[in-house]
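Written below as structure tokens is the structure these notes are about.
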There are 4 protein chains.
Amino acid sequence: MYLTLDLQSDVPIYQQIRDRVVEQIAMGEARRGDPLPSTRQLAADFGVNFHTVNKAYDLLRQEGIIRINRKSGAVVHKDQHLGHPVDDAFVRAWRDRLRVLLAEATVQGVHHQDVLVHCAELLGTFKAGEDT
Amino acid sequence: MYLTLDLQSDVPIYQQIRDRVVEQIAMGEARRGDPLPSTRQLAADFGVNFHTVNKAYDLLRQEGIIRINRKSGAVVHKDQHLGHPVDDAFVRAWRDRLRVLLAEATVQGVHHQDVLVHCAELLGTFKAGEDT
Amino acid sequence: MYLTLDLQSDVPIYQQIRDRVVEQIAMGEARRGDPLPSTRQLAADFGVNFHTVNKAYDLLRQEGIIRINRKSGAVVHKDQHLGHPVDDAFVRAWRDRLRVLLAEATVQGVHHQDVLVHCAELLGTFKAGEDT
Amino acid sequence: MYLTLDLQSDVPIYQQIRDRVVEQIAMGEARRGDPLPSTRQLAADFGVNFHTVNKAYDLLRQEGIIRINRKSGAVVHKDQHLGHPVDDAFVRAWRDRLRVLLAEATVQGVHHQDVLVHCAELLGTFKAGEDT
DNA sequence: GTGGTCTAGACCACG
DNA sequence: GTGGTCTAGACCACA
């Protein structure tokens, strides 16, 4: 699993790590049961603090996306093929964030049709994982 | 313009104010030239400090969404009818944020079709403003 | 004397009026003894408050650029042909402001040669007045 | 980086701080990657509130002159050696401010030749940084 | 009336 | 350690 970070970004590093992991899973690059790099390994690769990676993994654990075992380290727990019912609370909060994002694009002059194209394109990159 | 805040949320208050204003403009509730409440008025309404509102307005000003006059206060400057060219840098950054959001939904098991339905529904609430 | 204002600018209106008058005099459009529009006239033309124009004229008076008589109104008092000695205090303060302006251009990547070209060009538009 | 302020000046303190930083960078005293003092450190040195320094740094960040990291604080991001293309909008606004400044000098009787000498002298103090 | 500036101090997030 | 957020209140500038 290759992750890329931007240490200059104003997005917190732990958030970036978490985001990249989510994207990798969505793209099908990592599936249920697959192991994640060890926190120390990742921290060394990126040259960031060990606690920072830890925080990212803890976030993912709280979201139910990964499981952390003392022995085997972190493994992917949730992916798009799991078939579990979608959490209503998640959808509500997610939709709220989506509304803001779409509102921004609308105000900045992006046509609604183009917005949908962007969505479809991005979902397409995740679809590939679905077919596997 | 009616705005609602959640003072308990972990989203900064100034960010929430900014988000609500963007949504209102996207929904066509406020259009180019329409005045926004004065910072101190809005602060009093929400029971927050006027500096917090100030920061939200300053953010919107930096995004080119509102203009601030010493005399008449803040007025809407950008809406979906402006016909201005869309900033490429904005689209790139916006798409990156959209990717993360869509990846989250995918990982949590939301079907791609449902994601598109959510997008279309939300855009529909903005479309109303376009028809006016 | 034709003046143009930008009511949307973040530059105070009284400052803009003062700046435009200074530019007109520098360009030779108005010379020592020439009358300025009455404050009430200018206020009506621009649709701004009478006190705002008054403040601009007062600034110019303090700078020794115009004289204000109750009878004849405001008249230009200083122009580039006056031949009076240049005030040292003015030059020092002026140079400080110039330093900041030139530093900005330098940091933003404008070549020093281009800076000098800009200066020469602008001075050229004032030179025309000198020849008159 | 040594900066000097005039707390009695009518120029806002945060603006003075911003100006001094720009001058230091233009003079080559601080270059791309060099760290700036922490906001609270600088505030303590000047005897001003840290919010004031914060505002100055935020201004510089918006201008793309510095970058702010949560970890290492603020570092210089732009200097005259960067070789980036010059922003047209910046040049237009900058030239407008230059016009006013040159008009003032002209009206006050400074000869055009002397104005150019002042410009060349000041640019020379920045040139030193270029040669390094 | 409006927004802008500055101060002072508390608390949190990040690394 | 760093910066970010929020509060509270004072005073000034602008129109």
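Just the heavy atoms: all of them, side chains too, but no hydrogens, waters or symmetry mates, feed the values below. Here is how names work: the chains are called A, B, and so on, in the same order as the sequence lines, proteins then strands, and each is numbered from 1. All values reported here derive from a predicted model rather than from experimental measurement.
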Output all residues satisfying side-chain contact (heavy atoms from CB on, under 4.5 Å) with [X], sequence neighbours left out; order by chain, then residue number.
{"X": "Arg92(D)", "value": "Asp88(D), Ala89(D)"}
{"X": "Ala105(B)", "value": "Trp94(A), Val110(B), Val115(B)"}
{"X": "Ala43(D)", "value": "Val48(D), Phe50(D), Val53(D)"}
{"X": "Ser9(A)", "value": "Asp6(A), Val11(A), Gln16(A)"}

**Between the first and last five pairs of the helix from dG1(E)-dC14(F) to dC14(E)-dG1(F), the angle of the axes, rounded to 10 degrees** = 30°

Could you give all pairs that pass the salt bridge (charged side-chain N to carboxylate O under 4.0 Å, His left out) test and reach [range], with sequence neighbours left out?
{"range": "residues 71-82 of chain D", "result": "none"}
{"range": "residues 43-56 of chain A", "result": "none"}
{"range": "residues 93-104 of chain C", "result": "Arg95(C)-Glu121(D), Asp96(C)-Arg99(C), Arg97(C)-Glu104(D), Glu104(C)-Arg18(D), Glu104(C)-Arg97(D)"}

**Asked** In residues 6-15 of chain C, which ones come under 4.0 Å of DNA chain F, going by heavy atoms?
**Response** Pro12(C), Ile13(C), Tyr14(C)

**Message:** For DNA chain F, which residues of residues 44-62 of chain A approach it to below 4.0 angstrom with any heavy atom?
**Reply:** none

**Asked** In Å, rounded to the nearest 0.5 Å, how long is the span from CZ of Phe46(D) to CG of Leu7(D)?
**Response** 8.5 Å

**His77(A) backbone acceptor or donor facing Arg67(A) side chain under 3.5 Å** = no

**Message:** Given 3.5 Å as the limit, does a donor-acceptor pair link the side chain of Gln80(B) with the main chain of Ala26(B), or not?
**Reply:** yes

**Asked** What's the shortest heavy-atom distance between Arg31(B) and Val76(B), and which atoms?
**Response** O-CB, 3.3 Å

**Request:** List in chain and number order the residues that pass salt bridge (Lys or Arg N to Asp or Glu O under 4.0 Å) with Arg61(D), two or more places apart in sequence or in another chain; answer none if no residue qualifies.
**Result:** Asp58(D)

**Asked** So where does chain B start and stop touching DNA chain F, 5' to 3', when the test is distance under 4.0 Å to a non-hydrogen atom?
**Response** dT5(F) to dA15(F)

